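Note that the structure is predicted; figures quoted are calculated from it, not measured. Heavy-atom basis, side chains included; hydrogens, waters and symmetry copies ignored.
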Amino acid sequence: MEQQPQPYVTPQPVQPLQPHAPQTTDLPAVVEGNKPVRIAAVGDIHVRETDKGKWVDFFKAASNQADILLLCGDLTDHGYASEAQVLADEMRACTIPVVCVLGNHDHDKDEHEEIRACLMSDNVHFLDGDAVVIKNVGFAGVKGFGGGFDKYMLSMFGEVSNKAFVQEAVEEALKLEAGLSRLDNEHPEVKKIALLHYSPIKATVEGEPEAIHPFLGCSRLAEPLERQNVLACFHGHAHIGTLEGQTSKGVKVFNVAKPILQKAGFAMPFFLFDV
């Protein structure tokens, strides 16, 4: 019996879906009937050079259970392009479109452009302030940055270095706003999904030591989600945070860091969400 559409679902066994090609036109794809588009999402997979052959089953399972795969940053463990090449080889088993953002680990060795180049293909879309429409769903994404949450959010005050830290979060929020606005302007009919590495809310980093919360995300990232009527946001980064939360205006936020999903007992470490 066909599963009824839900706001989100855990990865129960489902009938394999047919592989879908990525959008090759500026026009959004047409969804057949009322069948939802199923998204699989995970962050912090931290692929290493020694991981050859370890991810094929993961990508096959995601392809069988979902229509689109989201990778929420920290694709590599140490930020080496050689790790990204291993991931690129593993991703050949993936037959559905993939949408990615980079994480802080991917920037660590200053090889993030090489990492993007290794992974980019007709089937793999990287977002950094831009947007893409796949199967009538719009995706906008950025890496994000730290800065703290709510009344404890760091302000633009004091030393130049402190202001530069805050400015980085401001610029990431502005890029996210730009990507979401582009979707509104060019594809006003689509539902919008946001993809981040850092968290936009405190709720999904709860469980981490409170002292490091300011380095796990920033409330500035939540503002575009609420202004642009985003359906849901996915992020990673906080390995021992909380799976689900929402912004003050009710936008659903999911921390899909791989360790979170493993701790929750997911058979395959990806979270399923129906749009």
Discussion item. If I compare all heavy atoms of N104 with all of Y198, which pair ends up nearest, and what's the gap?
Written reply: CB-OH, 3.5 Å
Discussion item. Taking the basic N atoms (NZ, or NE/NH1/NH2) and the acidic carboxylate oxygens, is any pair closer than 4.0 Å for D128 and K175?
Written reply: yes
Worksheet item: Knowing that exactly one of E172, H237, K143 qualifies, which makes a side chain to side chain donor-acceptor pair (under 3.5 Å) with H197?
Response: H237
Discussion item. Please determine whether side chain to side chain contact (heavy atoms under 4.5 Å, CB included) holds for the pair N162 and L154, giving the CA-CA distance in whole Å, both sets of side-chain angles, and the decisive distance to 0.1 Å.
Written reply: CA-CA 9 Å; N162 187 73; L154 193 62; 3.5 Å; yes
Discussion item. Are more than 12 heavy atoms, taken from residues, nucleotides or ligands other than R48, located less than 6.0 Å from that residue's CZ atom?
Written reply: no
Fill in: Distance-minimising heavy-atom pair for L221 and S199
CD1-O, 3.8 Å
Discussion item. Taking the six-membered ring for Trp, are F273 and F234 closer than 6.0 Å centroid to centroid?
Written reply: yes
Worksheet item: Quick one: CD on E177 to CG on L180, what's the gap to the nearest 0.5 Å?
Response: 7.0 Å
Item to complete: On the 0 to 90° scale, with breaks at 30° and 60°, tag the F266-F271 ring pair as parallel, tilted or perpendicular.
Response: tilted
Item to complete: Indicate, with yes or no, if M153 and L174 share a hydrophobic cluster defined by side-chain heavy-atom contacts under 4.5 Å among Ile, Leu, Val, Met, Phe, Trp and Tyr.
Response: no
Practice prompt. Would you confirm whether the ring centroid of H105 sits within less than 6.0 angstrom of the ring centroid of H78?
Written response: no
Worksheet item: Any idea which heavy atoms bring K191 and L231 closest together, and the distance?
Response: CD-CD2, 4.3 Å
Worksheet item: In the single-linkage hydrophobic clustering (I, L, V, M, F, W, Y; side-chain heavy atoms under 4.5 Å), do I96 and F139 co-cluster?
Response: yes
Worksheet, complete the sentence: NZ of K109 to NE2 of H107, rounded to nearest 0.5 Å, is 13.0 Å
Worksheet item: Does any N or O in the side chain of S121 come within less than 3.5 Å of the main-chain N or O of N123, such that one atom is a donor and the other an acceptor?
Response: yes
Practice prompt. Output the distance between atom SG (C218) and atom CZ (F145), rounded to the nearest 0.5 Å.
Written response: 9.5 Å
Item to complete: Determine, using the 4.5 Å side-chain heavy-atom cutoff (strictly less than), whether V99 and F126 are members of one ILVMFWY cluster.
Response: yes
Worksheet item: Would you find more than 12 non-hydrogen atoms of other residues, nucleotides or ligands less than 6.0 Å from Y80 atom OH?
Response: no
Discussion item. Under 4.5 Å between side-chain heavy atoms, counting indirect links through other Ile/Leu/Val/Met/Phe/Trp/Tyr residues: same cluster for I212 and V205 or not?
Written reply: yes
Discussion item. Show the nearest heavy-atom pair for residues L225 and V251, with the distance to one decimal.
Written reply: O-CG2, 3.9 Å
Fill in: Shortest non-hydrogen contact from T204 toward A238
O-CB, 4.3 Å
Fill in: Residue pair A203 / T242: nearest heavy atoms and the distance that separates them
O-CB, 3.4 Å
Discussion item. Once you measure the plane-to-plane angle for F59 and W55, does it fall in the parallel (<30°), tilted (30-60°) or perpendicular (>60°) bin?
Written reply: tilted
Worksheet item: From K252 NZ over to I201 CD1, what is the distance, rounded to the nearest 0.5 angstrom?
Response: 10.5 Å
Discussion item. Working to the nearest 0.5 angstrom, can you tell me the gap between Q246 CD and F254 CZ?
Written reply: 9.5 Å
Worksheet item: Could you state the interatomic distance from OG1 (T76) to NE2 (H112), rounded to the nearest 0.5 Å?
Response: 11.5 Å
Item to complete: Check whether any side-chain N or O of E208 sits under 3.5 Å from a backbone N or O of H239 as a donor-acceptor pair, and report yes or no.
Response: yes
Discussion item. When you measure from the side chain of D150 to the backbone of K202, do you find a donor-acceptor pair of N or O atoms at a distance under 3.5 Å?
Written reply: no
Worksheet item: Do V253 and V142 share a hydrophobic cluster (ILVMFWY, side-chain heavy atoms under 4.5 Å, transitive)?
Response: no
Fill in: D67/R38 salt bridge by N-O under 4.0 Å criterion
no
Worksheet item: In terms of side-chain geometry, is the basic nitrogen of K192 or D184 positioned less than 4.0 Å from the acidic oxygen of its partner?
Response: yes
Practice prompt. Decide if atom CD of E49 counts as having more than 12 heavy atoms of other residues, nucleotides or ligands within a radius under 6.0 Å.
Written response: yes
Item to complete: Give a yes or no on whether the backbone of T95 and the side-chain of S63 come within a donor-acceptor separation of less than 3.5 Å.
Response: yes
Worksheet item: Short question: side chain of D106, backbone of L102 - any donor-acceptor pair under 3.5 Å?
Response: no
Item to complete: Sorted by first residue and then second, give each salt bridge (Lys or Arg N to Asp or Glu O under 4.0 Å) pair with at least one member in residues 82-95; sequence neighbours left out.
Response: D89-R92
